[in-house]
Engineer: 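So that we are looking at the same thing, I have put the structure below in structure tokens.
Count residues from 1 along the sequence.
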Amino acid sequence: PAAVPAPVAAPSGRRSSPRAAAKGGRGRAEAQTEATPAEDDEIDFAEEGWMPLPSAEGSAKPTLHLLVKVDTGSMLACDIHIPPLSFNTREPLGPSKSMFLSVLKGEESSLILKMDDEDVLLSPGDHAIVRSGTEYSLRNDSATTAVIAKMVIIIHASDDAGANEGVGEHFEGEEEEEADEGAEEEEVEAEKEEEAEEEVPKKKKEQKKVEEPTKVIAKKEAPA
């Protein structure tokens, strides 16, 4: 009878998780940057209305891009495009603002959201919230693939003066317009009252002129 082959022993060691495997694959892709086409070539930033944003010193690309989708004054929704190995300067989120971030495109764990001293790795489909007063920055750690993320900034009502200058100026302008309209209405009412007061003496004088000749005629006709 034919000999039965001996079973092959399984290699020792731990199995890598799918996320770890993805990270390993990303490392191999980074080693072959020339084989991957640049995604920047697929977007015509000027044609589609993207606004250039300066990147931080040391960033691979000098410019990030922002595409505003909705701006209501109290809510700003936009897409941000971060080229490979590029990042923006850390900046604080205003005391009356909060930001919601959702990753649309990019490599696995390639977007690094830095909040104060904490780094958060984000992949396509991941979401994050940046609280008011937090210093944050966005960095694309991939060497081959750009990241596109959705940013929604909410401006909360605040009694602090200067918490949001743009929105404050907007509301101050509306209040000034309302005050001007109220002053104009008061002036119109005052003019109407003055005209009415001037018309009353005129009417009385006209009535006297009409009554006086009637009395004189009545006196002359009495003796006859």
Side-chain angles (χ1 to χ4, degrees), residues 26 29-30 32-156 158 162-171 173:
R26 181 166 62 89
E30 289 176 358
Q32 301 173 353
T33 57
E34 65 278 1
T36 305
E39 290 193 2
D40 292 359
D41 298 337
E42 300 176 5
I43 300 176
D44 189 338
F45 295 107
E47 182 71 21
E48 298 180 19
W50 291 76
M51 297 186 300
L53 297 175
S55 61
E57 184 178 355
S59 176
K61 293 290 182 72
T63 308
L64 283 63
H65 286 85
L66 194 74
L67 180 62
V68 176
K69 296 294 187 72
V70 179
D71 185 0
T72 65
S74 60
M75 187 269 287
L76 176 67
C78 55
D79 292 347
I80 185 169
H81 177 279
I82 308 174
L85 299 178
S86 300
F87 52 96
N88 67 327
T89 305
R90 289 184 64 179
E91 58 180 325
L93 195 63
S96 61
K97 298 178 183 177
S98 59
M99 185 176 76
F100 175 78
L101 185 70
S102 178
V103 184
L104 305 178
K105 295 181 180 179
E107 289 187 357
E108 184 79 9
S109 303
S110 62
L111 181 61
I112 301 175
L113 170 61
K114 190 173 187 63
M115 296 186 291
D116 292 333
D117 296 327
E118 180 185 4
D119 290 344
V120 180
L121 302 181
L122 299 174
S123 302
D126 288 346
H127 312 288
I129 295 177
V130 181
R131 305 293 181 185
S132 61
T134 303
E135 279 196 356
Y136 76 97
S137 66
L138 297 170
R139 178 189 182 97
N140 181 7
D141 203 32
S142 169
T144 61
T145 307
V147 166
I148 297 180
K150 174 77 69 179
M151 295 172 59
V152 179
I153 298 176
I154 305 296
I155 302 170
H156 306 283
S158 175
N164 189 283
E165 295 179 358
V167 176
E169 289 173 0
H170 174 70
F171 288 120

Engineer: Do you know which two heavy atoms are closest between Ser132 and Gly94, and how far apart they sit?
Structural biologist: CB-O, 3.3 Å

Engineer: Please check: side-chain N/O of Asn140 versus main-chain N/O of Ser86, any donor-acceptor pairing under 3.5 Å?
Structural biologist: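 Side chain of Asn140 to backbone of Ser86: no pair is present.
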
Engineer: Please answer whether the main-chain N or O of Leu138 pairs with a side-chain N or O of Asn88 as donor and acceptor at a distance below 3.5 Å.
Structural biologist: yes

Engineer: Pair up each side-chain donor or acceptor in residues 46-55 with any protein partner under 3.5 Å, not counting sequence neighbours, and list the distances.
Structural biologist:
residue, atom, partner, partner atom, Å
Glu48, OE1, Trp50, NE1, 3.4
Ser55, OG, Lys61, O, 2.7
Ser55, OG, Pro62, O, 3.0

Engineer: Got a second to check how far Cys78's SG is from Lys69's NZ, nearest 0.5 Å?
Structural biologist: 9.5 Å

Engineer: Is there a side-chain contact between Leu64 and Pro83 (heavy atoms, below 4.5 Å)?
Structural biologist: yes

Engineer: Using side chain to side chain contact (heavy atoms under 4.5 Å, CB included), reason through Asp126 and Val120 one step at a time and then give a plain yes or no.
Structural biologist: CA-CA 11 Å; Asp126 288 346; Val120 180; over 6 Å; no

Engineer: Would the distance check show the side chain of Arg90 and the main-chain N or O of Asp116 forming a donor-acceptor pair, the cut-off being under 3.5 Å?
Structural biologist: yes

Engineer: Measuring from Ser109:OG to Asp141:CG, what's the distance to the nearest 0.5 Å?
Structural biologist: 10.0 Å

Engineer: Quick one: NZ on Lys114 to CZ on Phe87, what's the gap to the nearest 0.5 Å?
Structural biologist: 11.5 Å

Engineer: Could you check if a side-chain atom of Glu107 sits within less than 4.5 angstrom of a side-chain atom of Thr144, using non-hydrogen atoms only?
Structural biologist: yes

Engineer: Does a side-chain heavy-atom distance below 4.5 Å link Ser102 with His127?
Structural biologist: yes

Engineer: Could you check if a side-chain atom of Ser98 sits within less than 4.5 angstrom of a side-chain atom of Arg131, using non-hydrogen atoms only?
Structural biologist: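 Sidechains of Arg131 and Ser98: no contact.
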
Engineer: Just wondering, do Val147 and Ser142 contact through their side chains at under 4.5 Å, heavy atoms?
Structural biologist: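 No. Closest side-chain heavy atoms not under 4.5 Å.
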
Engineer: Between atom OG1 of Thr145 and atom CG of Leu111, what is the distance when rounded to the nearest 0.5 Å?
Structural biologist: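 CG of Leu111 is found 12.5 Å from OG1 of Thr145.
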
Engineer: Compare every heavy atom of Ile43 with every heavy atom of His81, then report the nearest pair and how far apart it is.
Structural biologist: CD2-CD1, 3.6 Å

Engineer: Quick check for you: to the nearest 0.5 Å, what is the distance between Asp119 atom CG and Leu121 atom CG?
Structural biologist: 7.0 Å

Engineer: For Lys105 and Pro124, work out which heavy atoms get closest and say how close.
Structural biologist: C-CG, 4.1 Å

Engineer: For the CG atom of Leu93 and the CE atom of Met115, what is their distance to the nearest 0.5 Å?
Structural biologist: 11.0 Å

Engineer: Could you tell me which non-hydrogen atom of Leu101 sits nearest to which non-hydrogen atom of Met151, and how far apart they are?
Structural biologist: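 Heavy-atom minimum between the residues: CD1-CG, 3.5 Å.
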
Engineer: So do Met99 and Tyr136 actually touch side chain to side chain, heavy atoms under 4.5 Å?
Structural biologist: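 Yes, close enough: below the 4.5 Å cut-off.
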
Engineer: With Lys97, which of Val130, Thr134, Ile155, Leu76 fulfils side chain to side chain contact (heavy atoms under 4.5 Å, CB included)?
Structural biologist: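 Running side chain to side chain contact (heavy atoms under 4.5 Å, CB included) over Val130, Thr134, Ile155, Leu76 with Lys97 returns exactly one hit, Ile155.
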
Engineer: Just by distance, with hydrogens left out, do Ser96 and His156 show a side-chain donor and acceptor under 3.5 Å apart?
Structural biologist: no

